[in-house]
A.B. asks: 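The structure's right below; bear with me while I get my questions together.
Per chain, numbering begins at 1; letters A, B, ... match sequence-line order.
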Protein chains: 2
Amino acid sequence: MLARVSSTPTFKRLPRAVREQQMLDAAVKVFSRRGFHAASMDEIADDAGISKPMVYAYLGTKEELFVACLHREGTRMMEAIAGAAAPDLPADERLWRGLRAFFGFVGAHRDGWAVLYRQARGEQPFAAELTTMRGRLVEVVAGMLDHALRAKGREVGVTDLEVVAYALVGATESLADWLADHPEADPEKTATRMMNVAWLGADQLLRGVTWHPPAG
Amino acid sequence: MLARVSSTPTFKRLPRAVREQQMLDAAVKVFSRRGFHAASMDEIADDAGISKPMVYAYLGTKEELFVACLHREGTRMMEAIAGAAAPDLPADERLWRGLRAFFGFVGAHRDGWAVLYRQARGEQPFAAELTTMRGRLVEVVAGMLDHALRAKGREVGVTDLEVVAYALVGATESLADWLADHPEADPEKTATRMMNVAWLGADQLLRGVTWHPPAG
DNA sequence: GAGCATACCTACTCGTGCGTAGGGTTACGC
DNA sequence: GCGTAACCCTACGCACGAGTAGGTATGCTC
């Protein structure tokens, strides 16, 4: 058809794997800009330079597409962190490297990851995916704290540790949000600030210092 | 019409103020259970025991209705916190009371507030409302830290303080999420754990201890 | 160069749910 | 007791966007 020739002069058939990545790129972009519901499959397809049925053929439903985005971006992030924080380092060093990798990643994908991530928290179908990912992070952090504690011959309830880890992960996520909203901010510096909050607190906790509510 | 007689035998006309509250109650419930988009105005109207046009007449558009929910619940929460944390107390006491009030509130409104709140983070139109509210909290926390610091004759950059406050607020929000997902958990205990993370960290910071990245 | 799988398209259907038009009924002031 | 304002209803219109039917072209294998 003439229409196609004029709209895409450099039209080329591409292998599935390549097109899928292009679609995912477009999907991340559109989902981030519009939000899950406001995003339309038409726009995504358009942005990917392809027609809608192709998206359905390759990536399935809108929901499945979103999950695919979440999965790809999440995996990339996890790899970035895991690659930076070797498990044989001391706790503070691991924490620092992990944080730096994380904020570096978020900083580099400002409108990608953080916004996608925010979306997922709200809608029920995706919350599970997120919970799993966060769970892995919490586990890692809790494990790190536990390891450091045992090395000092101390023992703390599992739930306590987990909740503390949860709080730290939450604080980190929040700063990631903040970073995504402040394009001028420096990821490295943000990581340092987070480290201040997390480590100085964690350090005290590791020392066995505990705060408890005043009587009454 | 006969239909009405059989469906609502105890039918009564109510003044606007009362009906509005009933509608908001229903809206909070439905939005929480279904999420913003999946929630239908019909269901909300139905749940409030009223017909749809009434909702539009009183509270306006679906978006406006959601904002109204957010606003009412947010105000209630703010009041709960402000009422608990008197500004003339020492910093740790204020923080503790504020946290306890906050987690108490969230615990008492598990499916109300926390879920509503999660929704709002994703959709652009509501993010602004949330940002404002969070901003107020951050301001309070940052002000508290600043006050405590000045009392010790110390000085810290405004941005630093704000980011630290942001991290603390974020951690608290995360634990609130956790609390909402764990019906068996105790709000008081959660507040204590948060206090451990926040205060032991803040205490060190207030002492002038600072962590900085290792060379290289 | 025939056959087949794969890449790709245009042009629909159809459910869903927001928002409204247009009209009825009860209370309340005077 | 009569007007008027506030309360409340049963329908509908209508747009929007997910997902599909059905068909075309291109490259790859043998």
A.B. asks: In whole Å, what is the span from the CG atom of B:L59 to the P atom of C:dC18?
C.D. replies: 14 Å
A.B. asks: On the ring face of A:F36, is A:K62 found with NZ or CZ under 6.0 Å from the centre and within 45° of the axis?
C.D. replies: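 Yes, A:K62 sits over the ring of A:F36.
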A.B. asks: Nearest to the side chain of A:P53 - C:dT20, C:dT10, D:dT26?
C.D. replies: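 Within the option list, the nearest is C:dT10.
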A.B. asks: Within this structure, what is the CE-to-C1' distance between B:M54 and D:dT10, rounded to whole angstrom?
C.D. replies: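 Taking CE of B:M54 and C1' of D:dT10, I get 14 Å after rounding.
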A.B. asks: Is B:M41 touching bases, backbone alone, or none of the nucleic acid, heavy atoms closer than 4.0 Å?
C.D. replies: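 Result for B:M41 = sugar-phosphate.
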A.B. asks: Would you mind telling me which residue lines up with the more 5' stretch of DNA chain D, B:P15 or B:K52, judged by nearest nucleotide?
C.D. replies: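 It is B:P15, whose closest nucleotide lies nearer the 5' terminus.
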A.B. asks: Answer with base, sugar-phosphate or nothing: what part of the nucleic acid does B:S40 contact at a heavy-atom distance below 4.0 Å?
C.D. replies: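 B:S40: backbone/sugar contact only, no base atoms under 4.0 Å.
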A.B. asks: Evaluate B:R34 against A:Q124 for side chain to side chain contact (heavy atoms under 4.5 Å, CB included), listing each step before the verdict.
C.D. replies: CA-CA 8 Å; B:R34 306 253 188 246; A:Q124 278 103 339; 5.6 Å; no
A.B. asks: Take the protein atom CD of B:E43 and the nucleotide atom C1' of C:dC18, then report the distance between them rounded to whole Å.
C.D. replies: 15 Å
A.B. asks: Without hydrogens or angle criteria, can the side chains of A:H37 and A:E123 be said to hold a donor-acceptor pair below 3.5 Å?
C.D. replies: yes
A.B. asks: Look at all strands and tell whether A:A39 reaches a base, only sugar-phosphate, or nothing, counting heavy atoms closer than 4.0 Å.
C.D. replies: sugar-phosphate
A.B. asks: Looking only at side-chain atoms of A:T61, point me to the closest of C:dC18, D:dG19, D:dC9.
C.D. replies: D:dG19
A.B. asks: Would you mind reading off the distance between B:Y56 atom OH and D:dG13 atom P, rounded to a whole angstrom?
C.D. replies: 17 Å
A.B. asks: Send over the distance from B:Q22 CD to D:dC7 P, rounded to a whole Å.
C.D. replies: 13 Å
A.B. asks: State whether A:R19 places a side-chain N or O below 4.0 Å from either non-bridging phosphate oxygen (OP1 or OP2) of C:dC8.
C.D. replies: yes
A.B. asks: Do other residues, nucleotides or ligands put more than 12 heavy atoms under 6.0 Å from the CD atom of A:E139?
C.D. replies: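 Not more than 12 within 6.0 Å, no.
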A.B. asks: In whole Å, what is the span from the CG atom of A:D42 to the C1' atom of C:dA11?
C.D. replies: 12 Å
A.B. asks: Taking the nucleotide of DNA chain C with the nearest heavy atom to each, does B:H37 or A:R16 sit closer to the 5' end?
C.D. replies: A:R16
A.B. asks: Using a cut-off of strictly less than 4.0 Å, decide whether B:Y58 has a side-chain nitrogen or oxygen near OP1 or OP2 of D:dA6.
C.D. replies: no
A.B. asks: May I have the distance from B:E20 (atom CD) to D:dA6 (atom P), rounded to whole angstrom?
C.D. replies: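 The distance from CD of B:E20 to P of D:dA6 comes to 14 Å, rounded to the nearest Å.
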A.B. asks: Any luck finding a side-chain donor-acceptor pair between B:E173 and B:Y117 under 3.5 Å?
C.D. replies: yes
A.B. asks: Could you check how far CG of B:L65 sits from P of C:dG17, rounded to whole Å?
C.D. replies: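 Result: 16 Å.
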A.B. asks: Would you indicate which nucleotide in D:dC7, D:dG19, D:dT26 comes nearest to any side-chain atom of A:R13?
C.D. replies: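 Taking heavy atoms from C-beta onward, the closest nucleotide is D:dT26.
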